[in-house]
Amino acid sequence: MFFAFVQFIGIAFFTSGFLLKREVSPIVSDIAPIDASYDKAVVFVIDALRFDFTVPVQNSSKPYHNSLPILYDLAQTPQGALLKFVADPPTTTLQRLKGMTTGSLPTFIDAGSNFDGTAIDEDNWLLQLHRHNRTVAFMGDDTWDALFSQYIDPNLNFPYDSLNVWDLHTVDNGVIDHMFPLLDQPHQWDVLIGHCLGVDHVGHRYGPNHFTMKEKLSQMNQVIADIIDKLDDRTLLVVMGDHGMDETGNHGGDAPDEVESAIFFYSKKPLPFHKLDSSHYNISNAGADYRRVNQIDLVPTMSVLLGLPIPHNNLGFPIEEAFSSHAQWAEAAEACARQLDNFHRLTELKSAPLPAKYDANEAAAFQHRLLEECHRMWAEFDLVTMSLGILIIFLALTFILTYARSIPSVRVSTMSFEFIGSVVAMSLLGVVLSFSVYIVLKPADFTLKKCIGVGASLGTIIGFWAPIMDRFSVSWLLHQVKDFFVYNFNTWSFIGLMFVVLHTLVFASNSFVVWEDQMINFFVVTFGFALAFACATSDKLTPATRILGLSHAVTFTVLSRATAAIGICREEQRPYCVPSFATQWWSLVLLFVVAWLLPAVIMHFYKLSDSYHSAAPLWVGKGLKSVLVVNAVYWSVEWLQSYEPVAAWVPFVNGYLVKAIKLSVARLMLFSTLFMANLSWSKGPLCVKLANGGDRQTILGYNNVYGSSYFLLVLNFLAAVMLVSKPMAAVSLAMLVVQILSLLELFDMLDIRRNVVTPIVFTLLGYQHFFSTGHQATIPSIQWEVGFITTETIWFPFTHLNIVLNTFGSFIVVALAIPLITLWKIVPSNKPITVLSQVITNVTTMITYQIVVSLSSLLFAAHFRRHLMVWKIFAPRFMLSGMLIIVLNVVLVLVTLWFGTGKVVTQVNRIFGK
């Protein structure tokens with residue numbers, strides 16, 4: 001727990017130095033506005049409206065092409081203008097709304113607040129509307145309500161929950177129901193905002209290439225037509241997307257499909273003074289000839305057209321096509337230039353100020369220079385804080401290495417209260433001293449939290465080393481380290497350390513980071529061949545054991561290769577990667593096969609040690625099989641709901657009753673696997689049976705009493721993870737279980753369970769199945785939709801628990817299985833402390849491996865902080881490393897050691913102890 005504490009502090013320091021938040025100016029612009037071009041405006045946001053959804057594409061059968069033609073058609077008239085609307089990453093809704101209302105740039109860390117939006121505290125055009133007594137009406141995505149509720153008329157505010165991506169219609173229907181009555185009563189509002197989410201939710205749930213996308217885009221097409229019918233000559237219509245989506249339906253990064261959305265201006269009086277003519281498109285160049293404008297350009301455009309002061313922090317520039325004449329645009333450019341010059345002077349930027357005399361083109365050039373400088377300025381990194389984070393994690397690594405393997409006698413000693421007391425005392429002393437230093441010196445740019453964090457972490461480290469230095473001399477410690485490497489280092493150790501070294505070097509190149517999944521697959525398959533070679537050449541194995549060992553090695557290698565064929569593709573991997581993660585009918589068949597085959601395979605492994613007794617048949621033969629069947633049925637219903645022929649001809653499949661049953665079943669199964677099953681396991685019997693054999697009695701399962709009982713705990717969590725995993729991910733996790741069991745048999749046969757390579761390979765399996773369960777080190781690959789398997793709205797902690805189990809499920813399973821390296825196929829020991837010590841060795845070795853990998857990720861992220869791909873490749877990867885440190889420490893300490901291993905060792909010792 002203390003090790004975890006120090007690691008968390010180090011990660012927090014590095015993160016706060018690397019992912020800086022932009023300082024927000026509180027100034028509200030009061031520059032005199034120019035005359036308004038429009039009395040009112042209707043702003044209609046179609047979430048995730050990718051640009052190619054809006055333009056004609058010839059010879060395309062994609063459901064998202066040519067399904068929303070109205071924008072392009074009207075853009076060919078004098079009343080409309082259609083442009084590419086380019087977002088600044090991260091492409092999450094909350095950050096895009098901030099940019100489109102304040103005109104300022106987001107920072108990468110803001111993406112984390114997409115699910116915890118707070119009111120905007122800087123100048124924006126809704127604030128300016130409020131200050132000028134203009135009434136704002138709103139309906140749709142509740143993100144607007146979180147950000148701007150104080151500026152929206154409370155009687156005309158109709159927010160809807162935005163994050164249930166499995167709900168395709170509630171928000172859109174709510175927008176339609178409230179918008180059109182208000183369009184008939186224009187005297188009640190000045191600006192009417194509607195934000196529909198159906199297109200975005202279809203993308204998240206099914207991907208863009210699904211028949212439901214055509215239906216949703218057609219619905220939006222009709223809504224826009226109906227809105228236009230109700231507009232008068234003094235009302236401006238703006239239709240826009242906040243971001244796009246990739247080919248999987250996700251977004252968050254900076255791929256072209258994610259950042260390129262569409263914006264459309266329409267007025268019943270002639271609008272643009274010029275437009276670009278692009279009438280011929282095909283799939284490869286759809287929209288290629290359209291002019292690109294930044295999303296922040298909407299802010300000065302809307303402000304000027306509605307006769308408002310341009311917000312103080314705006315960095316955008318008026319969009320030419322939105323004005324009826326060049327003279328009107330030039331007047332808007334002059335107003336924007338005054339605002340930008342004022343921002344420039346008050347922000348103390350280094351760029352040259354605006355000339356005293358300028359024209360619109362010079363103003364645009366000034367805005368471009370200012371924008372580039374702000375991009376650079378807000379990408380500054382706090383190198384001191386980052387360095388402190390790296391140093392703290394490095395110090396944590398030094399003493400966890402000591403604890404893990406170098407000095408076994410120290411590991412046993414640190415279980416005493418002497419070490420615990422020392423660590424607690426020194427941690428508290430560090431906190432007190434750091435607080436005193438802060439009060440006395442009040443260091444600049446170093447907050448109280450940072451001072452306390454440094455004091456607590458250094459105190460913990462000193463508290464760990466002090467008793468060791470008091471009890472053992474330095475020479476003795478060095479002698480112990482030497483003995484470890486001399487007497488424990490062999491070919492297997494070399495293989496394990498080579499895997500670690502090569503994995504840490506991955507982060508030295510953006511190409512290697514992109515293809516990390518393939519490198520992990522190579523490591524795992526290589527180890528499989530090494531196991532097969534060892535079984536074939538070992539002179540310690542009998543012929544029968546050799547054949548059995550070879551069968552396990554072949555099984556492990558074949559499953560490792562099959563696992564490598566499952567997964568999604570990063571944008572950077574195309575066209576050399578073919579995704580194989582879509583839910584198809586055959587993947588559902590595989591789920592039913594897994595439901596029948598996996599329990600049978602586990603039963604076979606149990607029978608190898610004669611352990612299929614007592615609790616084992618109930619857990620494996622009945623409990624696991626039932627959960628897997630229910631899981632297969634659940635995802636089959638989900639697929640039927642998305643299959644066009646069934647959805648069209650059997651409408652009740654998407655009815656309320658089916659949805660309610662699905663929700664209830666998912667909740668029941670997750671509660672049963674995570675709570676009831678674990679409670680029963682903690683109170684249940686061991687997997688042994690007393691058999692009568694004439695004059696003597698035999699304890700069946702005695703030779704694997706620890707492992708057979710502990711493995712049932714792994715199955716509990718495996719079932720929970722599979723419930724919140726998509727079909728191909730569940731198949732991957734089933735193969736993971738068989739890989740683990742094969743490895744446990746091989747570790748026992750080859751007598752390498754105490755070797756450093758064993759926990760390293762388990763960790764590699766966690767990485768392999770992280771990728772094969774449909775994840776990558778990218779924000780768009782997070783499967784947010786699974787959060788709503790058990791909830792209809794965001795409900796802490798259940799929605800978040802689903803996402804954590806889905807994302808880190810493979811690591812959770814291998815972290816829980818780590819003790820089996822020690823516990824599998826050993827008889828009850830009369831020295832349980834020795835068994836527990838060896839389990840701790842493997843647990844801390846896994847943590848050590850992850851710290852080494854994370855430290856390398858942090859170091860190279862810091863080194864490449866100016867790299868072109870830093871926010872696309874290096875930053876997401878170091879964030880994954882940080883999250884893994886947190887997840888693995890929590891699972892290993894609280895569940896693996898405290899709940900799982902402690903319970904099994906105590907129960908076995910109570911029954912069989914001498």
Looking at [X] and [Y], would you say the former's side chain and the latter's main chain have a donor-acceptor pair under 3.5 Å?
| X | Y | answer |
| --- | --- | --- |
| Ser810 | Gly766 | yes |
| Ser626 | Lys622 | yes |
| Thr848 | Thr844 | yes |
| Asn704 | Ser611 | no |
| Thr758 | Asn755 | yes |

If we ignore angles and hydrogens, is there a donor and acceptor under 3.5 Å between the side chains of [X] and [Y]?
| X | Y | answer |
| --- | --- | --- |
| Ser732 | Ser772 | yes |
| Asn703 | Ser609 | no |
| His204 | Gln783 | no |
| Ser493 | Asn490 | yes |
| Asn716 | Trp619 | yes |
| Ser781 | His775 | no |
| Asp517 | Gln573 | yes |
| Asn521 | Thr563 | no |
| Thr557 | Ser560 | no |
| Asp246 | His251 | no |
| Asn889 | Gln7 | yes |

Q | Among Ile547, Leu548, Leu750, side chain to side chain contact (heavy atoms under 4.5 Å, CB included) partner for Leu541 | A | Leu750
Q.
Just verifying a value: how many Å separate Leu713 CG and Thr901 OG1, rounded to the nearest 0.5 Å?
A.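 Answer for the CG-OG1 pair, Leu713 versus Thr901, is 8.5 Å.
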Q) Between OG1 of Thr526 and CG of Leu764, what distance do you get to the nearest 0.5 Å? A)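 Spacing of OG1 (Thr526) from CG (Leu764) equals 10.5 Å.
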Q: Would you please indicate yes or no on a ring centroid separation below 6.0 angstrom for Phe711 and Trp681?
A: no
Salt-bridge criterion met for [X] and [Y] (N-O under 4.0 Å):
| X | Y | answer |
| --- | --- | --- |
| Asp751 | Lys540 | no |
| Arg877 | Glu516 | yes |
| Glu638 | Arg205 | yes |

Q.
Between Val813 and Leu765, is there a side-chain heavy-atom distance shorter than 4.5 Å?
A.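 They are not in contact (no side-chain heavy atoms under 4.5 Å apart), so the answer is no.
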Q) Hey, are the side chains of Met245 and Pro208 touching, using non-hydrogen atoms and a 4.5 Å cut-off? A) yes
So [X] and [Y], would you call those rings parallel, tilted or perpendicular, with 30° and 60° as cut-offs?
| X | Y | result |
| --- | --- | --- |
| Phe864 | Phe874 | parallel |
| Tyr849 | Tyr767 | tilted |
| Trp824 | Tyr606 | perpendicular |
| Phe527 | Phe499 | perpendicular |

Q: Please list all pairs passing the side-chain hydrogen bond (donor to acceptor under 3.5 Å, both in side chains) test where one or both residues lie in residues 718-727, with sequence neighbours left out.
A: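 Sorted pair list: Lys726-Glu785.
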Q.
So, using side-chain contact (heavy atoms from CB on, under 4.5 Å) as the criterion, who are the partners of Val601 when residues are at least two apart?
A.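 Val601 satisfies side-chain contact (heavy atoms from CB on, under 4.5 Å) with Leu597, Phe605, Val738 once adjacent residues are dropped.
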Q: Please report the C-alpha distance between Val761 and Ile495 in whole Å, then the side-chain angles of each, then the deciding distance to 0.1 Å, and finally whether the side chain to side chain contact (heavy atoms under 4.5 Å, CB included) criterion is met.
A: CA-CA 10 Å; Val761 170; Ile495 292 174; over 6 Å; no
Q: Might you confirm whether atom CZ of Arg561 has over 12 heavy atoms from other residues, nucleotides or ligands at distances under 6.0 Å?
A: no
(Q) Atom CZ of residue position Phe522 - does it have more than 12 heavy atoms of other residues, nucleotides or ligands inside 6.0 Å? (A)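 No.
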What pairs of donor and acceptor atoms, side-chain ones from residues 505-515 against any protein atom, are under 3.5 angstrom apart with sequence neighbours left out?
unit_1	atom_1	unit_2	atom_2	d
Ser509	OG	Ser511	N	3.2

